[in-house]
Amino acid sequence: MIKITFPDNSTREYPKGITGLEIAKSLSNSLAKEVLSVTVNDEVYDLTRPINNDASIKFNKWEDEEGMDTFWHSSAHLMADALESLYPGIKLGIGPSIENGFYYDVDPGDDRTISEDDLPAIEKKMKEIASQKKPYVRKEIPKKEALDYYSDKGDEYKVELLEDLEDGTISFYTHGNFTDLCRGPHLPHTGYIKAFKLLNIAGAYWRGSERNKQLTRIYGVSFPKQKLLEEHLLMLEKAKERDHRKIGKELELFTFSQNVGSGLPLWLPKGAQLRERLENFLKQLQREHGYEQVITPHIGQKELYITSGHYAKYGESSFKPISTPTEGEEFLLKPMNCPHHCEIYKFKPRSYKDLPVRLAEFGTVYRYEQSGELHGLTRVRGFTQDDAHIFCRPDQLKEEFIKVIDIIFIIFRALAFKDFLVQISLRDPGDKEKYIGSDENWEKAEQAIVEATKEKGLEARVEYGEAAFYGPKLDFLVKDVLGRKWQLGTIQVDYNLPERFDLEYTGSDNQKHRPVMIHRAPFGSMERFVAILTEHTAGKFPLWLTPDQVVILPISEKVHNYAEKVLNFLNNCDIRALIDLRSEKIGKKIRDNELKRIPYLLIVGEKEVENNTVSVRKQGEGDKGSMNLEEFTNFVNKEIKNQLESIKK
RNA sequence: GCCGAUGUAGCUCAGAGGUAGAGCGCUUCCUUGGUAAGGAAGAGGUCAUGGGUUCAAUUCCCAUCAUUGGCUCCA
């Protein structure tokens, strides 16, 4: 007998070799129906895998991350099975579960392609196999035998994967006629997979390297109930409604023109207004935090970037230099602002008493992004960073770093960004060639970030290989509506550029010292930030920020004069209002302006003229009753004040 | 950059080897209507661009450009 300990610390005895499913059944039938896999000590087991020793176990259901993972992983096998039977000889790469479903990378062979049109046929085959309730069977075999199996099969991808595995036994999973090299765990049988949809198809390099062959990746998602699938698909549909590219068009925030060039956003009046308001908000915040605004040109001598190291690193993959017509001097469109700011620092000798020097600029930069990378406003070739560089003494570094974190949090709070990831981006220890600077400087910089993060009590994920080439970063990542992560705020510690630009200050010892630099951008870029903000708010921007706060809707022409009076009154009170004078019925005007996401609609008719009031309607909420103009302006101003005050807390 | 898809009116989209359609928007007229779509008429398109096949191409083929789903990249 073995002793099984449950999450509530209760224990029970079972015969050796009992399976998770049997244990679940012994507890309750309904549990046995819901459970998908079982965590035995720290390893996730198939429900049908025997447990041979005392263990503490936890059942994983659909609601548990591990359960979902098992479910999707088995779904990937199910799909691969269907693919093998529809495309004999197809070679399989890897097929993991991911955040929102699963995929499988396959090589259909040189003379075959799989396209989106083929997905329904694959789904049909999957359905067929699922309904047969084929059990997933785990088998452990020696590595040698596994290698032989895949060599015979001619699947070089699996052979390659096997070769990288440690010697010893390898686990395989089989259901029906399909066998796959796999660590598991899996569901008891294919019948668990009741609802699924293959979503899209894409090319993906084998093992993620551009030098390798491109395989066909098929993405799918699956659920234990049809209803959950339907909900998921509906959610995806709804997410598309919030896409900043769609809303940006509807609300006339920005556009692109082929004639200007791809990846070069054109900010329309409403978008420019929104952006300017955000910029002013941050400028004010930065003033309060001891920053000074500077302005630098859009180009700089090529040598500047050779000095900074950017040219060596990115020169080849950038816009080509432009040059003066007679002397042939070469200039680059500036891809970042730091070298310019370093030169501003050098404008005069600095004393330790002057530090920190905090130079801020909404600096527009240009980078050649690969054509396949361009994406709405989130990935563009010309964009404006809310950049600043803090030049400080080494003893000020941590404090300055923490102050920047505070600014980022003020902004995220102001705009109700609650779901974000904090990431410490360090260098790839296996590839130090990619970075400039001494190990010693890197270690100091990395330590500073780790300490500051700890001091602020941030839960940060550490990612190696994500650092900038001159220093490590603390990045703030936020997801867009389609679940893609984008870096917004970033704080970077840099010992290297001060050295390369030979920056100094005079210390209290009257000696020359090297300052440390912090690069930071709380928004990241105005383009990307506005994109994400648009998606998070679905275009319903906070009242203080939104381009048009109020629209006046006269019921008939008879009250146009009064409507104009209301407009003037509001504008004089610094409320951004406009007026809808079309000869449409009030229902139509309400509908159109609701869709424009204008926060307040003021309906005025003869009744309002008589009483000198407006009938207030809040976007998305409906009728709020009537108010006189003073009441309404107070009401709006109070809301704005509340919004801005809650930010500062 | 790579693999795939898409490109038709300002927007969202339908369409077929015989030179184009809807809804919304726009203009004009009627209507002056009280809390999410009043009615009518009209204007508006070298069917992304360049080649090719064909008696005939917007439709089929190729290339380019752009957009797009991924991959790779991201100072």
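In what follows, chains are A, B, ... by sequence order, proteins preceding strands, each numbered from 1.
B:U8 and B:G45: their P atoms are spaced 15 Å apart (whole Å). Atom name P, nucleotides B:G15 and B:A48: the rounded distance is 15 Å, in whole Å. Nucleotides B:C24 and B:A14 are separated by 15 Å at their C1' atoms, to the nearest Å. Distance noted for atom C1' between B:A75 and B:C2: 23 Å (whole Å). Rounded to a whole angstrom, the distance from the P atom of B:U54 to that of B:U58 is 16 Å. Atom P of B:C60 sits at a distance of 26 Å from the matching atom of B:G23, rounded to the whole Å.
Side-chain N/O atoms of A:Arg379 include none lying less than 4.0 angstrom from OP1 or OP2 on B:U68. Within the 4.0 Å cut-off from OP1 or OP2 of B:C71, not a single side-chain nitrogen or oxygen of A:Arg207 is found.
In this structure, A:Tyr435 and A:Trp442 have perpendicular ring planes: the angle between them is above 60°, well past the 30° mark. Aromatic ring orientation, A:Tyr368 versus A:Phe319: perpendicular (interplanar angle above 60°, classes split at 30° and 60°). Taking the six-membered ring for Trp and thresholds of 30 and 60 degrees, A:Trp206 and A:Tyr157 have ring planes more than 60 degrees apart, a perpendicular arrangement.
At the heavy-atom level, A:His375 lies under 4.0 Å from the strands shown only through sugar-phosphate atoms. Residue A:Ser308 is out of contact with every strand shown, counting any heavy-atom pair closer than 4.0 Å. Heavy atoms of A:Leu374 sit under 4.0 angstrom from primed sugar atoms or phosphate atoms, though from no base atom. At the heavy-atom level, A:Arg484 lies under 4.0 Å from the strands shown only through sugar-phosphate atoms. No engagement by A:Tyr103 is indicated, since no non-hydrogen atom pair under 4.0 Å with the nucleic acid exists. Within 4.0 Å (heavy atoms only), A:Gly309 reaches no atom of the nucleic acid at all.
A stem is defined here as three or more consecutive Watson-Crick or G-U pairs, each with both distances under 3.5 Å; for RNA chain B these stems are B:1-7 with B:65-71, B:10-13 with B:21-24, B:26-30 with B:38-42, B:48-52 with B:60-64.
Side-chain N/O atoms of A:Arg207 and A:Tyr205 include no donor and acceptor closer than 3.5 Å. A:His389 and A:Arg358 share no side-chain donor-acceptor pair at under 3.5 Å. Defined by atom type and a distance below 3.5 Å, a donor-acceptor pair is present between the side-chain atoms of A:Glu499 and A:Asn441. Using a 3.5 Å distance cut-off with no hydrogens or angles, the side chains of A:Asp387 and A:His519 do not pair a donor with an acceptor. Defined by atom type and a distance below 3.5 Å, a donor-acceptor pair is missing between the side-chain atoms of A:Glu608 and A:Ser626.
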Under 3.5 Å, N/O pairs linking protein and nucleotides 1-5 of chain B:
residue: B:G1; atom: OP2; partner: A:Ser371; partner atom: OG; Å: 2.1
residue: B:G1; atom: N9; partner: A:Gln370; partner atom: OE1; Å: 3.2
residue: B:G1; atom: N7; partner: A:Gly372; partner atom: N; Å: 3.3
residue: B:G1; atom: N2; partner: A:Tyr205; partner atom: OH; Å: 2.5
residue: B:C2; atom: O4'; partner: A:Tyr205; partner atom: OH; Å: 3.3
residue: B:C2; atom: O2'; partner: A:Gln214; partner atom: OE1; Å: 2.5
residue: B:C2; atom: O2; partner: A:Gln214; partner atom: NE2; Å: 2.8
residue: B:C3; atom: O4'; partner: A:Gln214; partner atom: OE1; Å: 2.2
residue: B:C3; atom: O2; partner: A:Gly203; partner atom: N; Å: 3.0

For nucleotides 40-49 of chain B, list the nitrogen or oxygen atoms of the protein found under 3.5 Å from its nitrogen or oxygen atoms, one pair per line.
none

Annotated protein contacts, base or backbone, on nucleotides 28-37 of chain B with a non-hydrogen cut-off under 4.0 Å, one of B, S, - each: ---BBBBBBB
Base versus backbone protein contacts along nucleotides 8-15 of chain B [heavy-atom cut-off under 4.0 Å; B, S, -]: ---SS---
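In this structure, A:Phe319 atom CZ and B:C74 atom C1' are separated by 14 Å, rounded to whole Å. The interatomic distance linking A:Phe469 (CZ) with B:A75 (P) rounds to 9 Å, in whole Å.
Taking the 5.5 Å centre cut-off and the 30° plane limit, the aromatic side chain of A:Tyr314 is classed as stacked on B:A75.
Separation of the A:Tyr600 and A:Phe632 ring centroids falls under the 6.0 Å cut-off.
Pairs passing the side chain to side chain donor-acceptor pair (under 3.5 Å) check and including a residue from residues 250-261 of chain A, sequence neighbours excluded, read A:Lys246-A:Glu250, A:Glu250-A:Arg597.
Atom CD of A:Glu316 has 12 or fewer neighbouring heavy atoms from other residues, nucleotides or ligands inside a 6.0 Å radius.
Although no hydrogens or angles enter the test, the distance criterion places no donor-acceptor pair under 3.5 Å between the side chain of A:Arg520 and the main chain of A:Gly489.
Residue order along RNA chain B, read from the 5' end via each residue's closest nucleotide, puts A:Gly208 first among A:Ser317 and A:Gly208.
For the pair A:Arg461 and A:Val422, the minimum side-chain heavy-atom distance is 4.5 Å or more.
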